[in-house]
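Heads up: the structure comes next, in structure tokens.
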Number of protein chains: 2
Amino acid sequence: MADRVDPVLTSAGYLLLKAGTQFHGIIDDALRTVDLTARQFLVLTFAGGTEPLSQSELSQRLGLDPTIVLGVIDGLEDRDAIRRTRDPADRRRSLIEITAAGRRLYTRASSAVAAAEREFLAPLGGADRKALRANLLAIMEHRLPWLGSSDG
Amino acid sequence: MADRVDPVLTSAGYLLLKAGTQFHGIIDDALRTVDLTARQFLVLTFAGGTEPLSQSELSQRLGLDPTIVLGVIDGLEDRDAIRRTRDPADRRRSLIEITAAGRRLYTRASSAVAAAEREFLAPLGGADRKALRANLLAIMEHRLPWLGSSDG
DNA sequence: TATTGTTATACTCTATAACTATA
DNA sequence: TATAGTTATAGAGTATAACAATA
């Protein structure tokens, strides 16, 4: 099958590209029900982590320009989902923490995202889903160093 | 490992998102050696297919606005990589065909892309690479209908 | 002198609407 | 009347550079 189609169009790389952009659109749609963008959702995810992050750390992990992160943070702060606190140890840095309201929002948002992911991966059986995740993790682990594969 | 990281950040969906955007950057870099963008490369790929496509068909397959496709086509035509021909059966449509020079360019470009893909997938062994591609194909097949899984 | 966060500005990219020609 | 392609324009999104506060 698909013999008359250019091999590029069935390559892992091309499919990865298309899967990424399509899934991005899908979670944006799913998150619209809680009035969040994918980008805001990710900021909220990082803000809910164990250690508070500064804005510059956040921009590194998101792979976004600091000036863009700024706007996202402003929006989430206006909605009382996150809070800025000056770092006492270095008063230049502002630490981003999630609020109680932000946590409630995040709970609703992440269940919407999880549902969208389930639907997106529906063509795969359980074993294949697991294999896909493991393979993606193997590829991306060293590109997302803060996943912290082995530091105490 | 990674127990202190939010489950969202190790989910298949999130990894897919990051893999997609990072790989996009990687092929843009790789294609810079032949002075092409990822988008131009894909247009060239479709233009080199068995049947000539119109601009509107092209925009459907690329998932891009027709006005954007227009600009890409203009650029590739200026470089004599593709050629516009009026469809004799419907003189409103302009069919996009690849030229001989375009084919030479495509050959160089696709080997650059293939090398980038090999490097990107390097953490995976042969069996895992095959599994990844098969899983992505299973997910995307019905979302990329022109892959034509079974039409004569 | 370097860095964090911020603001203001310019630039690129994308989408919208209007137009021509074909059907 | 509807569609393919084109053009012009407006809008969103992004990056660049300059500034204030802190180190």
Side-chain angles (χ1 to χ4, degrees), chain A residues 17-18 20-22 24-25 27-29 31-32 35-43 46-47 51-78 81-97 146, chain B residues 17-18 20-22 24-25 27-29 31-32 35-43 46-47 49 51-78 81-98 146:
Chain A
L17 230 59
K18 297 302 283 185
T21 54
Q22 290 210 12
H24 191 283
I27 25 180
D28 265 337
D29 287 346
L31 285 170
R32 203 160 287 133
D35 195 28
L36 284 176
T37 64
R39 190 173 280 172
Q40 289 176 313
F41 174 69
L42 286 177
V43 168
F46 282 109
E51 75 220 303
L53 299 173
S54 72
Q55 295 181 207
S56 62
E57 286 164 333
L58 218 48
S59 73
Q60 280 169 12
R61 307 209 177 183
L62 293 163
L64 294 174
D65 194 284
T67 58
I68 293 178
V69 175
L70 182 80
V72 181
I73 289 176
D74 283 347
L76 290 173
E77 198 177 35
D78 286 349
I82 61 172
R83 175 178 35 232
R84 273 182 245 237
T85 319
R86 284 278 160 208
D87 183 350
D90 181 346
R91 293 179 35 73
R92 289 174 305 181
R93 293 156 43 91
S94 77
L95 303 175
I96 309 301
E97 291 169 294
W146 41 263
Chain B
L17 230 58
K18 297 303 282 185
T21 53
Q22 290 209 13
H24 190 282
I27 26 182
D28 265 336
D29 287 345
L31 285 171
R32 203 160 288 132
D35 194 28
L36 284 176
T37 65
R39 189 171 281 173
Q40 289 175 313
F41 174 70
L42 286 178
V43 167
F46 281 110
E51 74 221 304
L53 298 173
S54 72
Q55 294 180 208
S56 61
E57 287 165 334
L58 219 48
S59 73
Q60 280 170 14
R61 308 210 175 181
L62 294 163
L64 294 175
D65 193 285
T67 58
I68 293 178
V69 175
L70 182 80
V72 180
I73 289 177
D74 283 346
L76 289 173
E77 198 178 37
D78 285 349
I82 60 172
R83 173 176 38 231
R84 273 184 246 236
T85 320
R86 284 278 161 206
D87 182 350
D90 181 347
R91 293 179 35 73
R92 289 173 305 181
R93 292 156 44 92
S94 78
L95 302 175
I96 309 302
E97 292 170 293
I98 196 166
W146 42 261

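This one's a predicted model, so the numbers in the text were calculated from it and none came from an experiment. In the text below, chain A, chain B and the rest are named by the order of the sequence lines, each starting its count at 1. Scope of the values below: all heavy atoms of this structure, side chains included, with no hydrogens, waters or symmetry mates.
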**Asked** Pick from A:L58, A:I68, A:D78: which one makes a side chain to side chain contact (heavy atoms under 4.5 Å, CB included) with A:I73?
**Response** A:L58
**Side chains of B:S94 and B:Q55 in contact at under 4.5 Å (non-hydrogen atoms)** = yes
**Prompt:** Reckon B:R86 touches a base, only the sugar-phosphate, or nothing at all at heavy-atom distances under 4.0 Å?
**Reply:** nothing
**Protein-nucleotide distance (A:L58, atom CG; C:dT6, atom P), rounded to Å** = 12 Å
**Prompt:** Are B:R84 and D:dT6 close enough that a side-chain N or O sits under 4.0 Å from OP1 or OP2?
**Reply:** yes
**Request:** Could you check how far CG of A:L64 sits from C1' of D:dA15, rounded to whole Å?
**Result:** 12 Å
**Message:** From C-beta outward on A:I68, which listed nucleotide comes closest to its side chain: C:dT14, D:dA23, D:dA15?
**Reply:** D:dA15
**Complete:** Closest to the side chain of B:R93, out of D:dT22, D:dG5, D:dT3, is D:dG5
**Prompt:** Do A:L64 and A:R39 have side chains that get closer than 4.5 Å, going by heavy atoms?
**Reply:** yes
**Request:** Compare all side-chain heavy atoms of B:L76 with those of B:I96 and state whether any distance is below 4.5 angstrom.
**Result:** no
**Request:** Between C:dT3, D:dA15, C:dA23, spot the one nearest the side chain of B:D90, thanks.
**Result:** C:dA23
**Request:** Would you indicate which nucleotide in C:dT6, C:dA2, D:dT16 comes nearest to any side-chain atom of A:R92?
**Result:** C:dA2
**Message:** Quick check on D:dG5: is either OP1 or OP2 less than 4.0 Å from any side-chain nitrogen or oxygen of B:S94?
**Reply:** yes
**Asked** For the side chain of A:Q55, counting heavy atoms from C-beta on, which of C:dT7, C:dT16, C:dG5 is nearest?
**Response** C:dG5
**Given DNA chain D, 5'-ward residue of the pair A:D65 and A:D87, judged by closest heavy atom** = A:D65
**Fill in**
Comparing nearest nucleotides in DNA chain D, the 5'-proximal residue of the pair B:I73, A:R39 is B:I73
**Request:** Using a heavy-atom cut-off of under 4.0 Å over every strand shown, decide if B:T67 touches base, sugar-phosphate, or nothing.
**Result:** base
**Item:** Side-chain N or O of B:R91 closer than 4.0 Å to phosphate OP1/OP2 of C:dT20
**Value:** no
**Fill in**
Rounded to whole Å, CD of B:Q60 lies from P of D:dG5 at a distance of 10 Å
**Item:** Closest approach of A:E57 to A:P52 (non-hydrogen atoms, all atoms of both residues)
**Value:** OE1-O, 4.3 Å
**Message:** From CD of A:Q40 over to P of D:dG13, roughly how many Å is that when rounded to an integer?
**Reply:** 11 Å
**Fill in**
From CG of B:L70 across to P of C:dT16 the rounded distance in Å is 16 Å
